[in-house]
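Note on naming: letters A, B, ... go to the chains in the order of the sequence lines (proteins, then strands), and numbering restarts at 1 for each one.
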Amino acid sequence: MDIKNVLCELCSAPGVGCLDSAAKKAAELLSEYADNIAIENGSVYGVINGDNSDYTIMLDAHIDEIGMIVTSVLENGFIKIAQVGGIDPRTVAAQRVNIWGKEPVMGVFCSTPPHLKSGDEAELKLSDMFIDTCCENAADIISPGDLVTFRTAPADLIGDGFTCKSLDDRSGVAALLYAAYLIREAGSKPPVNVAFLFSDKEEIGGMGSATMSYKYFPNEAIAVDVGFGDYPGLSDDETCKMGKGTMIGFSPALSNKITNLLKATAIENDIPFQYDVMGGRTGTNADKIAISKSGIPCGLLSVPIRSMHTTVENLFLEDVAATGRLLSEYVLKGGCFK
Amino acid sequence: MIDLIKELCCLNAPSGNEDSVRDYILGKINDFADISVDNSGNIIAFKKGKKPAAHKIMIDAHMDEVGIIATSITADGFVKFTTVGGIETESLCSKRVIFANGTIGIIGVKHGHLCESGELKKLPSKSSLLIDIGAKSREEAEKYVLPGDTAVFEPIFDLQGDFVISKALDDRIGCAVLIKLLQQDSEYDFTATFSVGEEIGLKGGKTVTYTVAPEAAIVIEATTAGDIGDATDKVCSAGSGAVVSFMDRSTLYDKTLFNAAINVANENGIKVQSKKAVAGGNNAGAIHQELSGVRPLAISVPCRYIHSPSGVVRYSDIQAVYDLANLMLQKLTSGEIW
């Protein structure tokens, strides 16, 4: 499986709010490996059936990206928006967007003309900002409630560097698809069922993983999201190194057994990994999955990226591959609690 | 003309490295004028008309765009840089650049989640910004980028109805207008100049004026449009026609020529506006005070988000600038206006 190609396809498809192109694309890609794929309330769910059909390991990555929603349409062709998920206000000026009205409209986030800049920098607030619809009859095409996504095409950096918007969490989805591919490559059936959940709405509260965990209630789960890659000005404690492997989550909110088995599996198989240690809440779907119903033991893997929640998120493909490989090797062991 | 503008805008030519644009322009005008390139790298194109001109008129556009120049490579492989020409921090944050050798760089930020709340509400300092090309070390980075290498914003050219969205509209629009003027027959002689180094202090504008020694000069430019969001201090507006300036921060324009341009526009049904504030500057600043003085006229396209990756102009305004520039050139060279 060409991880880069899969990432390009996933990142190019909008997926926030009611926009379901990303979910559909992910479902299509998953259908090569898994069965009974359905899209429920925006989340994708499919299963590779195992020898032991009574035991299910669920792998989760979120399919939604951060975006915006139109709050008002002005007469002069400008719109105001609110965020859907955390938009970094430092990074939006002069960014290109797609406004998903009756038809897609290309827009531009305004930037302040130099002559209007005052010496004192006012606080950056998304609610003060405008998007230029570059469209003469904006009000005919765009309405409050329409979704807006950033318009950024994938690009190669040097080596196996890759950049695009929405690596959070399409890189997690790509890692899961890579794991599915590897599981299939290993033989006809894994020892246990492997469920693939590409959950919706992680960025606005994790509702997709919460509701789908409730419905399907697997025996154990591993969530896959993105983690904080190193950057000048950030300490080694709060970040992991780019290009040095998958990040294994260590946290009181996660299952120690799963965490330890992930680590042992990585060591056994020479898969590069790093320690991603948190004191409690992980800030990922793992938090919701772990407390579903009577509880689902849950682990966490993350792909290190830089500039999280911006259009210039970037990663190294080898870290996505390491993540997918670790998931497949873990699953092929049959899980923790049989 | 839109294809010309698109091709020009997508070339990589920051101040000091105008070669690609110069070569492109020479290719387009070689058959239509007597060409020379001076010591500064300016193109001087003498257009032979059917009759000699009553006055020596120069029409100028600049070839260079704003960009960045690498100052050093950090031990971790990031590229430190400074700007070439004026670029606001918000136009750099979270944007992509492309170096002359095709290497793509991203200007990232510290993850918003890890910033102090105060830090997230204002832009980082321009000097703290770093370009990430995907290198894992200084040694690796230096195979692709060295101090002194220049880059420009990633070229993405969008058309939507009458709207044009691109980098470098300032001043590739001017270059396209001049190319078109040179490619058609002229009643009277005139000299078109494509100048270098405007963005770093009107360098080429000065030196080319010394060589050409015109009596009057028309500068074709892009200028800041402030008609964004709910702004009241608009300076000039996209869609309101060609901008003729009476004064900006470097030039008090020739009143006779200013009045004449407004009248000619009105008489010929060309949409025209004047700037409503003294703001901005262009080559006229250098041209008018060279030698023993040159009478200046500026005709500009209003451009939103100028000096950003996503400038926005109206094609109808470009057409108005072309029509007005053409008429003024003819009327000045014929002596009808003086």
Test side chain to side chain contact (heavy atoms under 4.5 Å, CB included) applied to B/Arg96 and A/Thr152, step by step: CA-CA 10 Å; B/Arg96 263 187 221 166; A/Thr152 309; 3.3 Å; yes
With distance as the sole test, does [X] use its side chain to make a donor-acceptor pair with the main-chain N or O of [Y] at under 3.5 Å?
| X | Y | answer |
| --- | --- | --- |
| A/Ser111 | B/Tyr305 | no |
| B/Lys95 | A/Ala93 | yes |
| A/Thr311 | B/Ser94 | yes |
| A/Arg90 | B/Val109 | no |

Aromatic centroids of B/Phe78 and A/Tyr231 separated by under 6.0 Å: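 Close enough - the centres of the two rings lie under 6.0 Å apart.
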Which of B/Arg249, B/Arg314, B/Glu154, B/His307 touches chain A most, by non-hydrogen pairs under 4.5 Å: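 Option with the greatest count: B/Arg314.
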Contacting region of [X] [heavy-atom separation from chain A under 4.5 Å]:
| X | answer |
| --- | --- |
| B/Ile107 | backbone |
| B/Tyr144 | side chain |
| B/Leu159 | backbone |
| B/Lys136 | side chain |
| B/Asp227 | backbone |
| B/Leu130 | both |
| B/Glu88 | side chain |

Between A/Ile158, A/Thr163, A/Val312, the one whose heavy-atom pairs under 4.5 Å with chain B are most numerous: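 Winner by heavy-atom pair count: A/Ile158.
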Choice from A/Glu123, A/Arg96, A/Glu238, A/Lys80 maximising heavy atom contacts with chain B below 4.5 Å: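 Most heavy-atom pairs under 4.5 Å with chain B: A/Arg96.
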Aromatic plane relationship, A/His309 with B/His113 - under 30° parallel, 30 to 60° tilted, over 60° perpendicular: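 Perpendicular.
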Over 12 non-hydrogen atoms of neighbours within 6.0 angstrom of NZ in A/Lys288: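 No, because the 6.0 Å sphere around NZ of A/Lys288 holds 12 heavy atoms or fewer from other groups.
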Criterion side chain to side chain contact (heavy atoms under 4.5 Å, CB included) on A/Val108 and B/Asp158, from CA distance to verdict: CA-CA 11 Å; A/Val108 178; B/Asp158 287 323; over 6 Å; no
Step-by-step side chain to side chain contact (heavy atoms under 4.5 Å, CB included) determination, B/Ile106 to A/Arg306: CA-CA 10 Å; B/Ile106 47 185; A/Arg306 288 191 171 133; over 6 Å; no
Contact class of A/Asp156 relative to chain B, heavy atoms under 4.5 angstrom: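 Only the backbone of A/Asp156 comes within 4.5 Å of chain B.
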Part of A/Ser235 lying under 4.5 Å from any heavy atom of chain B: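 For A/Ser235, no heavy atom lies under 4.5 Å from chain B.
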Pairwise side-chain contact, B/Thr74 with A/Pro232, heavy-atom cut-off 4.5 Å (strictly under):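 Of all side-chain heavy-atom pairs linking A/Pro232 with B/Thr74, none is under 4.5 Å.
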